[in-house]
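Input: a single structure, listed below in structure tokens.
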Amino acid sequence: RKEFVDLYLNYVFNESVQKPFEDFKRGFLRGCPARKWKMFLPVELQTALQGHTELDWHLLEKNVVYKKYGKLDETIRNFWTVFHKLSEEKKKMFLAFLSGSDRIPGLGLEFFKFTIEDPQVENPDESYPFASTCSYILFLPR
């Protein structure tokens with residue numbers, strides 16, 4: 001019985017998936033040659049490919065650059081008060097709105113900077129916040 005179980009497990013977890021895995025591996029290595037990623041530990045490779053999922057939102061706040069705003073402006077204080085009351089899921093949705101991804105790139109949050117800028121629209125009460133995802137700019141009307 002032990003031999004049967006060992007052979008069955010080997011078939012299910014190794015032999016039966018060998019062909020699909022080889023196809024995946026061949027495609028992966030075409031886009032990301034092995035000589036470039038073999039220097040990474042598995043956890044480092046995962047971070048490089050997926051980004052960081054654990055986030056310190058107060059550090060994010062510290063890294064913001066303000067244009068046409070001061071850090072103590074009422075709009076900015078209100079923004080951060082509301083932001084810190086959001087659920088983790090909603091904060092990640094904001095990050096996706098701002099950057100196009102709900103994760104921080106591989107270098108980490110301490111190197112992730114974004115800008116909050118006043119778009120200086122004529123009637124701010126009739127404008128919605130919008131973002132430039134390529135430049136990491138949040139245009140936040142007063």
Within 6.0 angstrom of [X] [atom1], more than 12 heavy atoms from elsewhere:
X	atom1	result
Glu89	CD	no
Tyr11	OH	no
Glu3	CD	no
Glu74	CD	no

Name the orientation class of the two ring planes belonging to His84 and His58 (parallel below 30°, tilted from 30 to 60°, perpendicular beyond 60°). parallel
Can you classify the ring geometry of Phe114 versus Phe112 as parallel (below 30°), tilted (30 to 60°) or perpendicular (above 60°)? tilted
For the pair Asn63 (side chain) and Leu60 (backbone), establish whether a donor and an acceptor sit closer than 3.5 Å, ignoring hydrogens and angles. no
Check for a donor-acceptor pair, side chain of Tyr69 on one end and backbone N or O of Leu140 on the other, with a separation under 3.5 Å. yes
To the closest 0.5 Å, what do you measure between NZ (Lys68) and OG1 (Thr115)? 11.5 Å
When you compare the side chain of [Y] with that of [X], does any pair of heavy atoms fall below 4.5 Å?
X	Y	value
Pro119	Phe130	yes
Asp73	Arg142	yes
Phe79	Leu138	yes

Does [X] share a hydrophobic cluster with [Y], counting links as ILVMFWY side-chain heavy atoms below 4.5 Å and allowing steps through other members?
X	Y	result
Met93	Phe97	no
Ile137	Trp80	no
Val65	Tyr136	no
Phe24	Val17	no
Val12	Leu9	yes

Ignoring hydrogens, what is the shortest heavy-atom contact between Val121 and Pro141? Give both atom names and the distance. CG2-CB, 4.5 Å
